[in-house]
Amino acid sequence: MPPLVLRFTFLVFFILCPLSYATDHYVIDPNHTFSSFEYQHWGLSAQRGQFDKNSGFIDLDEDNKSGSITIEIDASSVHTGSELFDNIMRSDSFFATQQFQKIIFNSTKLIFNDDKLSQVEGNLTIKDKTKPVVIDITQFNCRFMLLYLKRACGANGFTKILRSDFGVDRFIPFVSDEVTLYFSVEGIKEE
């Protein structure tokens, strides 16, 4: 094929074929993903706890600055450092984990500031009550990880909620209604 015809063929191909951007799929690494919470206890101190079992995925199109995030938290994995308090948190007085086993976050929009993820808007479901939340991202990075021999993305973020909005209202106002939720997430790219 003559060089001019070959160039013309490539030009037509690139004009007629729309550009497509790939969305990368990352599976959340349960060993490097933690969800935690902080609340005020009787106005004396900030108390903290975490959920030890987290799963989900991240779909990320870095070129188009879009994607989605789903995080599923096993509510019965709540850990406060006290077996007594853990059992109270699992009881019907708080998370009612026999009936409501998962806490779920589904994003509706990823917001970027230049190339960095800065906020995630979405819906948080606790005890079958769903409310919109905005997670402020304090750290975000993607890179090749020697540990996995794959690309990985990680982020840290937080949001504030009123636990009474989700039917978790025992001991208010002695235990604060406002709770800060923290997320430390790492996802490993699926090939």
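Please read these numbers as outputs of a predicted model, since none were measured by experiment. Heavy atoms only: backbone and side chains are in, while hydrogens, waters and symmetry mates are out.
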Distance-minimising heavy-atom pair for Ser176 and Arg163: O-NE, 2.8 Å
Thr130 and Asn106, any side-chain heavy atoms less than 4.5 Å apart: no
Heavy-atom side-chain proximity of Ile28 to Glu186 below 4.5 angstrom: no
Transitive ILVMFWY side-chain link Ile104 to Leu181, under 4.5 Å: no
CZ-CZ distance between Phe85 and Phe94, expressed to the nearest 0.5 angstrom: 9.5 Å
Side-chain donor-acceptor contact under 3.5 Å, Thr97 with Ser76: no
Pair Asp52, Gln50: side-chain N/O donor-acceptor within cut-off below 3.5 Å: yes
Side-chain donor/acceptor of Thr125 to backbone N/O of Asp128, under 3.5 Å: no
Side-chain donor/acceptor of Lys127 to backbone N/O of Gly167, under 3.5 Å: yes
Ser35 and Asn54: side chain donor to acceptor below 3.5 Å: yes
Minimum heavy-atom distance between Cys142 and Leu60, given as atom pair plus value: SG-CD2, 3.9 Å
Whether over 12 other heavy atoms sit under 6.0 Å from Lys109 NZ: no
N/O donor-acceptor pair under 3.5 Å between Thr108 side chain and Glu121 backbone: yes
No-hydrogen, no-angle side-chain donor-acceptor test under 3.5 Å, Asn156 and Thr138: no
Residue pair Arg151 / Tyr26, side-chain donor-acceptor N/O under 3.5 Å: yes
For the student: nearest non-hydrogen atoms of Pro132 and Asn123, plus distance: CA-OD1, 3.7 Å
Glu191 CD: over 12 foreign heavy atoms closer than 6.0 Å: yes
Trace of the side-chain contact (heavy atoms from CB on, under 4.5 Å) decision for Phe105 with Thr70: CA-CA 6 Å; Phe105 173 78; Thr70 295; over 6 Å; no
Residues Ser45 and Gln47: side-chain donor-acceptor under 3.5 angstrom: yes
Any side-chain heavy-atom pair of Asp165 and Lys129 under 4.5 Å: no
Reported CZ-to-CD distance for the pair Arg90 and Gln101, which is rounded to 0.5 angstrom: 13.0 Å
Single-linkage hydrophobic cluster, 4.5 Å side-chain cutoff, Tyr182 and Ile135 together: no
Same apolar cluster (I L V M F W Y, side chains within < 4.5 Å links), Val78/Val175: yes
Option passing side chain to side chain donor-acceptor pair (under 3.5 Å) with Lys65 (candidates Asp114, Asp115, Asn113): Asp115
Any donor-acceptor pair under 3.5 Å from Ser118 side chain to Ile111 backbone: yes
Step-by-step side-chain contact (heavy atoms from CB on, under 4.5 Å) determination, Ile188 to Val27: CA-CA 5 Å; Ile188 303 167; Val27 175; 5.6 Å; no
Side chains of Ile73 and Ile71 in contact at under 4.5 Å (non-hydrogen atoms): yes
Other residues, nucleotides, ligands: >12 heavy atoms within 6.0 Å of Glu190 CD: yes
Summary of disulfide bond (SG atoms under 2.5 Å apart) pairs that have at least one residue in residues 24-69, sequence neighbours excluded: none
Euclidean distance, Thr23 OG1 relative to Asp59 CG, rounded to 0.5 Å: 6.5 Å
Glu62 with Lys189: basic N within carboxylate O range, under 4.0 Å: no
Polar side-chain atom of Lys131 near backbone of Phe166 as donor-acceptor pair, under 3.5 Å: no
Exercise: identify the closest heavy-atom pair between Thr159 and Val133: OG1-CB, 4.0 Å
pair Ser55-Pro30: side-chain heavy atoms closer than 4.5 Å: no
Heavy-atom side-chain contact between Met89 and Thr80 under 4.5 Å: yes
Polar side-chain atom of Ser77 near backbone of Asp74 as donor-acceptor pair, under 3.5 Å: yes
Side chain Arg170, main chain Ser93, donor-acceptor under 3.5 Å: no
Joint hydrophobic cluster, Phe171 plus Val168, side-chain heavy atoms closer than 4.5 Å: yes
Side-chain donor/acceptor of Asp177 to backbone N/O of Ser164, under 3.5 Å: yes
Asn64 (side chain) donor-acceptor with Ser66 (main chain) under 3.5 angstrom: no
Nearest non-hydrogen partners of Ser68 and Ser107, listed with the distance: CA-OG, 3.2 Å
Of all pairs that satisfy ring-ring contact (aromatic ring centres under 6.0 Å, His included), the ones with a partner from residues 40-71, not counting sequence neighbours: His25-Phe57, Phe37-Phe51, Trp42-Phe174, Phe51-Phe95
Main-chain N/O of Lys160 paired with Thr180 side-chain donor or acceptor, under 3.5 Å: no
side-chain contact (heavy atoms from CB on, under 4.5 Å) between Ile58 and Val185, worked out: CA-CA 10 Å; Ile58 302 165; Val185 177; 3.9 Å; yes
Linked, directly or transitively: Tyr39 and Leu124 (ILVMFWY side chains, under 4.5 Å): yes
Atom NZ of Lys53: over 12 foreign heavy atoms under 6.0 Å: no
